[in-house]
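Taking it in order: structure first as structure tokens, then the write-up.
First the proteins, then the strands, lettered A, B, ... as listed; each starts at 1.
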Amino acid sequence: MSRYDPATIEARWQKAWAQAGLFTAKRDPSKPKYYVLEMFPYPSGRLHMGHVRNYTMGDVIARHKIATGHAVLHPMGFDAFGMPAENAAMQSGGHPKDWTYANIDTMVDQMKPLGFSHDMSRMFATCDPEYYGQQQALFLDMLDAGLIDRRPAVVNWDPVDMTVLANEQVIDGKGWRSGAEVEKRELTQWFFKITDMADELLEALGDLDDWPAKVRLMQENWIGRSRGLEMTFPMTTPEAGIDGITVYTTRPDTLTGASFIGLSPGHPLTKALAEKSPELAAFVDECKKMDTTEAAIEKAEKKGFDTGLTVENPLGGTLPIWVANFVLMDYGTGAIFACPAHDQRDLDFARKYNLPVIDTFFAEDDDTPVANEAFVPAKTERVRWVNQPAGLTSATGEEAVEATIDWAEEKGFGTGKVQFRLRDWGLSRQRYWGCPIPVVHCSDCGVVPEKKENLPIELPYDNGNEPIDFSVPGNPLDRHPTWRNVPCPACGKMAVRETDTMDTFVDSSWYYTRFTAPWAETPTVAEEVDYWMNVDQYIGGIEHAILHLLYSRFFARAMIKTGHLPESAAEPFDALFTQGMVTHAIFKSEKGGRPVFHYPEDVDLKDGKAFLKEGGEEVTVVPSAKMSKSKNNVVDPLAIISQYGADTARWFVLSDSPPERDVEWTASGAEAAAKHLGRVWALSDKISKMEAGAAGQGDEDLLREMHKAIRDVTNGVESFGFNAAIAKLYAFTATLSKSKAGHAAQREAVMTLAQLMAPMTPHLSEDVWATQGGEGLCAAATWPVADEAMLVEASVTLPIQINGKRRDEITVAKDMPKDEIEKLVLANDAVMRALNGGPPKKLIVVPGRIVNVVV
RNA sequence: GCCCAAGUGGCGGAAUGGUAGACGCAGCGGAUUCAAAAUCCGCCGGUAGUGAUACCGUGCCGGUUCGAGUCCGGCCUUGGGUACCA
């Protein structure tokens, strides 16, 4: 008997799809359009199971939309600039460009056998000059439109390697290569003025109905709109020309609890004082050693320096001025007033330096003074005030803030102000492998934009005849002998090219628009973006919930302002889905006190325990760990495809977990998927050998189940319930294989099964379709529609609960009136036993669902 | 630290506030086989009981409800993000 042979059929059908041009996106005004996009990968050189899962989900959507008559755009490309290419060049020689393009070739080859419906004719990499040249044009337009700014910002500086480090290159405050203590240093940097759009980006979140609520919430908190008070405390004695400290506070209502003023180490007064005080200068230097990440700053021990100066408190008395390591220069005014009783950081600081702790309010039923835990109730909670600037005695935090702002404005102490946590987007990177920022610095004209006809400003591949030495730290563009020296686009005098390149988030902030016309000589083409935008379904990892997605939302708006997108594309992703990771068990043993990680193929599994194939030693199983090269728990998609075929890999990554959750790759699970596909193939083979026109029993029962499967699988596919759809397909396959129905009904059932499976297992489905003599390609066939008449059930089974616990069930006609059900229930044995002759306390009948008797 | 999630049998998981454990894996029993592999059929949360059945059970503690895995409050653990990893 012939068997399911994925290796043969998968290649055959991939060729058939290509010949039919099924996946080439074509504008067709007679069809609804559908744009499905998976977040494009970084070309690491190795496709992993996470990619397979991500792209399979997009493929399911794309294939389903093709089958429902849409003009589908389903592109793929590479997010190809970034540090790993430079790191590879640093560590093993070679060139970032060569390394990147070689990796792209490898990954494209690895994707091919999976049978995805990507339109590869639109593929590009962000490091293609044709792409980043258009990005430079966008930059110039945005510069012109006032969306870009240039100003100083703090970076991680490695004083030994003389280079800027990324946060991940700073380990415990030291440079990853040099081991030197990393310092903060100010450089002049380019910024996108995303904060100008903070309010709009926040407001528009409310309309993103098809985004996960968690992502909208994360963005909302990230943007962090707050209304507070900006007020100036006059200095008791002016110093260095500064006569007052301006602070911003979201809790002006606690002004009476103020016990000191905190200055950022970067505050102008701090800087002025440090020039005269070596002790303060030393303290500021120490603060500069701290990591620049928010997490590090927040978790660091709270430290301060008493300046000895004071300000006048408008409520009477004076407050000491401290420099505090936890006050950020980037947020608000770089200075705070501290209220230790109602802020944990302030409290920790106050206890450490013996500063006063003044309670300003208590819980309504408790008046314990704050000890070592600040009292910070929700702002919506009503509290009892003991000493409130605006004179309140009982109010919520919200009410008190508003009342205090009004009070302060009336008294002239300060003004109400809206503030955002969101900061402008610094896009400068002092690195080679990125998109060059197209400006020139001229000693006469200052910063001059490049002329558009000079674009793309291409990265130099080498130093003329010499190769670039990437093993030397720092930016090769900075030390390039000729690339930097160019005539000023304005006056023609020799000037210096900007050597900063762009943050790679810029590359990924507009690639989705470029896919609509990747060949164009302008960033976008109106008729193409008008037709294809927006992305109907975007799919990617939750790790991009904030930065990538927020930057893309900003960029779409900036592209509208510069005429590259229609107004309707302000929110470029209509629907977003965030999928989970693929994990795998780690097999671990110990040797000389150090962990040893074993490859899955070196381990035998028995009864949930793992033993080494060689020697039989039992090893520890750590379940559900993120796949990682260093833990030897990576499963290679190519190995799976050669063992089981692409359809098995695709089926498995969707079957075992809901798509938003992590899925654990297990050998037994993959085995089970392969077996199932083999069963379907054998079933189709068996049906194809039945006598045509042969009669049987239960045709209608089979077709009823088929229509239920159509309904459930369609619902599953349309709502990202892939695992539920697959469960239904398992069940329907079992029904079909047990069916004694006639040939016509069985053939119809197996062809429908093939269609329903096609988004997940397109090759197998195509083969079944052909075996049954289906017309054309299964992938091009119209998606089946469930016949409502076949879905109607005559009767329904109602569970009977007694006091909320299921005790029995009755089956009644679907439309039986409530009072008749009640009669039946009261006559039920279990109910009569429970009632013991008495009347029920309550009888709840939920039609079609459940009955609950309260006794 | 802060923001956002997740936690259900031996395992992955299912369940519009309405029968907790669909479907799959593992395991157990059986059919087929000289035997095995493959395949097929059945059982499968825990405790007690021959059984009908009873009690317990969705990370922990408490609450709302006729009814809570699901809603609310407080914790614990794990994961994602924290602005130069992408």
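OP1 or OP2 of B:C56 has at least one side-chain nitrogen or oxygen of A:Lys805 nearer than 4.0 Å. A close approach under 4.0 Å does occur between a side-chain nitrogen or oxygen of A:Ser657 and OP1 or OP2 of B:G13. Distances shown here put every side-chain N or O of A:Lys299 at or beyond 4.0 Å from the OP1 or OP2 atom of B:G1. Side-chain N/O atoms of A:Thr504 include one lying less than 4.0 angstrom from OP1 or OP2 on B:A86. The side chain of A:Arg661 contributes an N or O atom lying less than 4.0 Å from OP1 or OP2 of B:G7.
Using a 4.0 Å heavy-atom cutoff across all strands shown, A:Val854 reaches sugar-phosphate atoms only and no base atom. Residue-level contact check: A:Pro41 touches neither bases nor backbone, having no heavy atom under 4.0 Å from any strand. Contact annotation for A:Glu220: no contact, since no heavy-atom pair falls under 4.0 Å across all strands. Nucleic acid contact for A:His544: base, since at least one base atom lies under 4.0 Å from a heavy atom of the residue. Within the nucleic acid shown, A:Phe505 comes within 4.0 Å of at least one base atom, counting heavy atoms only. Among the heavy atoms of the strands lying under 4.0 Å from A:Leu217 are primed sugar atoms or P, OP1, OP2 only; no base atom is included. Base contact: A:Val164 has a heavy atom under 4.0 Å from a base atom. Using a 4.0 Å heavy-atom criterion, one finds that A:Arg833 contacts no nucleic acid atom at all. Within 4.0 Å (heavy atoms only), A:Trp425 reaches no atom of the nucleic acid at all. Within the 4.0 angstrom heavy-atom criterion, only backbone atoms of the sugar-phosphate kind lie near A:Asn167; the bases stay farther away. Among the atoms of the strands shown, only primed sugar atoms or phosphate atoms (P, OP1, OP2) are found under 4.0 Å from some heavy atom of A:Ala672. Among the protein residues, A:Lys841 comes within range of no part of the nucleic acid, since none of its heavy atoms lies under 4.0 Å from any strand. At a threshold of 4.0 angstrom between heavy atoms, the contacts of A:Lys302 with the nucleic acid are absent. Contacts of A:Asn803 with the nucleic acid, taken as non-hydrogen atoms under 4.0 Å apart, are absent.
The aromatic ring centres of A:Tyr42 and A:Phe78 sit 6.0 Å or more apart. Ring centroids of A:Phe81 and A:Tyr132 are separated by less than 6.0 Å, placing the two rings close together.
Annotation for A:Lys184: atom NZ counts as buried by contact number, over 12 foreign heavy atoms lying within 6.0 Å.
Taking the six-membered ring where tryptophan is involved, the planes of A:Tyr131 and A:Trp510 are essentially parallel, since the angle between them stays under 30° and well short of 60°. Note on ring orientation: taking the six-membered ring where Trp is involved, the planes of A:Phe577 and A:Phe720 are parallel (angle under 30°, cut-offs 30° and 60°).
When the P atom is compared between B:G21 and B:G30, the two are found 28 Å apart, to the nearest whole Å. Straight-line distance between the P atoms of B:G57 and B:G80: roughly 33 Å, to the nearest whole Å. Rounded to whole Å, the P atom of B:G42 lies 25 Å from the corresponding atom of B:U47. Taking atom C1' in both B:U65 and B:G18, one finds a spacing of 12 Å when rounded to whole Å. Annotation: B:A20 and B:A68 have their P atoms spaced 10 Å apart (nearest Å). Across the P atoms, B:A6 and B:C72 are found 11 Å apart, a figure rounded to whole Å.
Ion pair A:Lys174/A:Asp172 not flagged as a salt bridge, since none of the NZ, NE, NH1 or NH2 atoms sits closer than 4.0 Å to an Asp/Glu carboxylate oxygen. Between A:Asp424 and A:Arg151, at least one side-chain nitrogen of the basic residue sits less than 4.0 Å from a carboxylate oxygen of the acidic one, meeting the salt-bridge criterion. Under 4.0 Å is where a charged nitrogen must lie from a carboxylate oxygen, and between A:Arg225 and A:Glu220 no such pair does.
Remark: P of B:A38 and NE2 of A:His676 are 19 Å apart, rounded to the nearest angstrom. To the nearest angstrom, C1' of B:C2 lies 17 Å from CD1 of A:Ile223. Rounded to an integer number of Å, the gap from A:Phe191 CZ to B:A83 C1' is 11 Å. Remark: P of B:U16 and CG of A:Asn715 are 12 Å apart, rounded to the nearest angstrom. Between the CE atom of A:Met90 and the P atom of B:C85 there is a distance of 14 Å, given to the nearest Å. In this structure, the CZ atom of A:Arg429 is 8 Å from the P atom of B:C85, given to the nearest Å. Following rounding to the nearest Å, A:Arg807 (CZ) and B:G18 (C1') show an atom-to-atom distance of 16 Å. Between the CD atom of A:Gln801 and the C1' atom of B:G17 there is a distance of 11 Å, given to the nearest Å.
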Do A:Phe192 and A:Phe555 pass the ring-ring contact (aromatic ring centres under 6.0 Å, His included) test, and can you show the C-alpha distance, the side-chain angles, and the key distance before you say yes or no?
-> CA-CA 9 Å; A:Phe192 288 119; A:Phe555 232 79; 5.5 Å; yes
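For B:G1, its base sits under 3.5 Å from the side chain of A:Glu294 at one donor and acceptor pair at least. Between the side chain of A:Asn852 and the base of B:C66 there is at least one donor-acceptor pair of N/O atoms closer than 3.5 Å. One cannot find a donor-acceptor pair under 3.5 Å joining the base of B:U82 and the side-chain atoms of A:Arg421.
A cation-pi arrangement, defined by a distance under 6.0 Å to the six-membered ring centre and an angle within 45 degrees of its axis, is present between A:Arg421 and A:Trp222.
Where A:Asn723 and A:Arg806 meet RNA chain B, the nucleotide closest to each residue was compared, and A:Asn723 sits on the side nearer the 5' end. Residue-to-nucleotide proximity on RNA chain B shows that, of A:Asp656 and A:Gln169, the 5′-proximal contact is made by A:Asp656.
Under the 90° criterion around 0 for the glycosidic angle, B:G9 counts as syn.
Of the possible polar contacts, one joining the A:Asn852 side chain to the A:Gly804 backbone as a donor-acceptor pair under 3.5 Å is found. Checked by atom type and distance alone, the side chain of A:Tyr331 never pairs as donor or acceptor with a backbone atom of A:Phe420 at under 3.5 Å. No donor-acceptor distance shorter than 3.5 angstrom exists from the side chain of A:Asn221 to the backbone of A:Arg216, with no hydrogens or angles considered. A donor-acceptor contact shorter than 3.5 Å links the side chain of A:Asn475 to the backbone of A:Thr499.
Listed nucleotides: B:C3, B:G24, B:G13. Nearest to the side chain of A:Pro658: B:G13. With B:A86, B:C25, B:U82 as the candidates, the nucleotide lying closest to the side chain of A:Ser668 is B:C25. Listed nucleotides: B:G42, B:G1, B:A86. Nearest to the side chain of A:Lys738: B:G42. Nearest to the side-chain atoms of A:Arg679 among the listed nucleotides B:C40, B:A86, B:C3 stands B:C40.
In RNA chain B, runs of at least 3 consecutive Watson-Crick or G-U pairs, each pair with both distances below 3.5 Å, span B:1-7 with B:76-82, B:10-12 with B:23-25, B:27-31 with B:39-43, B:45-48 with B:53-56, B:59-63 with B:71-75.
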Each nucleotide of nucleotides 70-76 of chain B classed B (base within 4.0 Å of a protein heavy atom), S (only sugar-phosphate) or -, in 5' to 3' order, makes -------
